[in-house]
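Position 1 is the first residue of the sequence, and the numbers go up from there. Hydrogens, waters and symmetry mates play no part in the numbers below; they use all other heavy atoms, side chains included.
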Amino acid sequence: MARQFFVGGNFKMNPASRKDKVALVKLLNEAELDPATEVVVSPPALYLIPVKESIRKDIKVAAQNCYFKDSGAFTGEISPAQLVDSEIPYVILGHSERRTIFHESSEIVAQKTRAALDKGLNIILCIGETLKEREAGETAKVCEEQLKAVVDVLKENDWSKIVIAYEPVWAIGTGKVATPQQAQEAHKDIRSYLSTAVSFAVAGSTRIIYGGSVNAANCRELSTLPDVDGFLVGGASLKPEFVQIVNSKKL
Ligand code: PEP
């Protein structure tokens, strides 16, 4: 089955003002985007609804996080049910900034993934190794451990709603992009793990996107790799070059 090219823009805790958010939406609304690419942008929670209401309909919106409970005394959290009620179709889970700064374990990420799926959300599931782990030759092992927690709580048909974002921590926000060889090798290993741990069909149909300092200059080559099905873009998603990244297959 052909895997549709996917480009996500993770705005993180940006832009700094509503005025800048409006300008970013305007830029995207006026851009010529490859209709063959699925495009999802992920603004901070405060901007989810205004962005959804003002952005063109062929761009979807993702939350950057959610909790696993439906409602209740969980100050500062947003539930999957609230995202669905607000017609937000995607959520990013397990981003390395959540794992490291906010101490989210793979088990918590898996619990959130299960809860989000149960409410009907699509998930951009982030995994990836630190520099120390890469230098110790542990990239595949770390990715498998992070994925295993999720594999353990999913059924085979849940995987159609998951996009895996392989994001080496050392490449996020550092300007140090993985080489095409490094990216292809990691993606191939992740796909082969899915084949063993879930099924050959899920391994073939699940999109595995790359994240980590993707920009207009490096996206084209990465987009041609057989196991790279798109990108999760941080810094460059706030700039006009995000349009070129969405269009990387056509550059
Ligand atoms: C990210 O935050 O998911 C990311 C990939 O960031 P950047 O593109 O800035 O490295």
Side-chain angles (χ1 to χ4, degrees), residues 4-67 75-98 101-102 116 119-124 126 163 165 167 172-175 209-220 223 230-251:
Q4 187 186 11
F5 200 70
F6 181 106
V7 176
N10 175 15
F11 295 174
K12 313 197 191 201
M13 204 166 70
N14 301 297
S17 69
R18 283 184 292 165
K19 193 166 154 263
D20 290 350
K21 179 256 296 171
V22 168
L24 195 50
V25 169
K26 183 171 185 287
L27 175 106
L28 292 171
N29 282 350
E30 289 171 0
E32 215 172 289
L33 302 177
D34 183 351
T37 301
E38 181 175 4
V39 186
V40 177
V41 294
S42 190
L46 187 62
Y47 300 151
L48 281 169
I49 293 174
V51 168
K52 183 193 76 90
E53 285 174 351
S54 55
I55 207 155
R56 58 203 274 181
K57 296 300 162 232
D58 57 344
I59 299 185
K60 301 184 190 103
V61 176
Q64 295 175 12
N65 182 31
C66 69
Y67 199 47
T75 303
E77 297 295 320
I78 297 181
S79 77
Q82 289 168 326
L83 292 175
V84 170
D85 180 59
S86 303
E87 298 172 355
I88 304 299
Y90 267 97
V91 60
I92 299 175
L93 291 173
H95 191 279
S96 72
E97 286 148 20
R98 299 292 324 165
I101 305 170
F102 301 100
K119 288 287 172 285
L121 288 166
N122 298 281
I123 290 121
I124 301 168
C126 303
V163 174
E167 300 206 295
I172 298 179
T174 58
I209 61 174
Y210 169 80
S213 298
V214 174
N215 60 31
N218 59 35
C219 64
R220 206 201 73 81
S223 78
F231 303 115
L232 185 56
V233 186
S237 69
L238 301 164
K239 302 179 191 163
E241 72 185 288
F242 185 62
V243 172
Q244 284 156 274
I245 300 170
V246 167
N247 295 336
S248 25
K249 286 287 205 191
K250 292 208 147 169
L251 290 180

Which residues satisfy the side-chain hydrogen bond (donor to acceptor under 3.5 Å, both in side chains) test with Lys250, sequence neighbours excluded? none
Determine the minimum heavy-atom distance between Asp34 and Asn247, stating which atoms define it. N-OD1, 2.6 Å
Value for CD (Glu38) from CD1 (Ile209), rounded to nearest 0.5 Å, stands at 9.5 Å
Looking at Lys57 and Lys52, what are the two nearest heavy atoms and their distance? NZ-O, 3.5 Å
Walk me through it: do Val25 and Val51 pass the test side chain to side chain contact (heavy atoms under 4.5 Å, CB included)? CA-CA 7 Å; Val25 169; Val51 168; 4.2 Å; yes
Check this for me: Arg18, atom CZ, are more than 12 non-hydrogen atoms of other residues, nucleotides or ligands nearer than 6.0 Å? no
Using the ring pair (Phe, Tyr, Trp, His ring centres under 6.0 Å) criterion, which residues pair with Tyr90? Sequence neighbours excluded. Phe6
Residues pairing under salt bridge (charged side-chain N to carboxylate O under 4.0 Å, His left out) where one sits in residues 21-33, two or more places apart or in two chains, turn out to be Lys26-Glu30
How far apart are the C-alpha atoms of Lys119 and Leu83, what are their side-chain angles, what is the distance that settles it, and do they pass the side chain to side chain contact (heavy atoms under 4.5 Å, CB included) test? CA-CA 9 Å; Lys119 288 287 172 285; Leu83 292 175; over 6 Å; no
Counting C-beta onward and ignoring hydrogens, is there a side-chain heavy-atom pair between Val84 and Leu121 closer than 4.5 Å? yes
With Lys249, which residues qualify under salt bridge (Lys or Arg N to Asp or Glu O under 4.0 Å), at least two apart? none
Side chains of residues 231-246: which donor-acceptor partners sit under 3.5 Å, not counting sequence neighbours?
| residue | atom | partner | partner atom | Å |
| --- | --- | --- | --- | --- |
| Ser237 | OG | Val233 | O | 3.3 |
| Ser237 | OG | Gly234 | O | 2.6 |
| Glu241 | OE1 | Ala216 | N | 2.8 |

Quick check: closest heavy atoms across Asn29 and Ser54, and the distance to 0.1 Å? ND2-O, 2.9 Å
Is a donor on one side and an acceptor on the other found under 3.5 Å between the side chain of Asn218 and the backbone of Ser213? yes
Nearest heavy-atom contact between Ser248 and Phe5 is OG-CE2, 3.7 Å
Do Ile92 and Cys126 touch side chain to side chain, with heavy atoms closer than 4.5 Å? yes
Might you point out which heavy atoms bring Phe11 and Pro44 nearest each other, and give the distance in Å? CB-CD, 4.4 Å
Any side-chain heavy-atom pair of Val39 and Arg56 under 4.5 Å: no
Would a 4.5 Å heavy-atom cut-off, applied to side chains only, mark Ile59 and Leu33 as touching? yes
Do you know the tightest heavy-atom contact between Val61 and Val40? C-CG1, 4.1 Å
Go through the structure and list residues passing side-chain hydrogen bond (donor to acceptor under 3.5 Å, both in side chains) with Gln64, not counting sequence neighbours. none
Say you draw a straight line from CD of Gln82 to CG of Leu48; how long is it, rounded to the nearest 0.5 Å? 11.5 Å
Could you check whether atom CZ of Arg220 has more than 12 heavy atoms from other residues, nucleotides or ligands sitting under 6.0 Å from it? no
Any sub-3.5 Å donor-acceptor pair from Ser42's side-chain atoms to Ala62's backbone N or O? yes
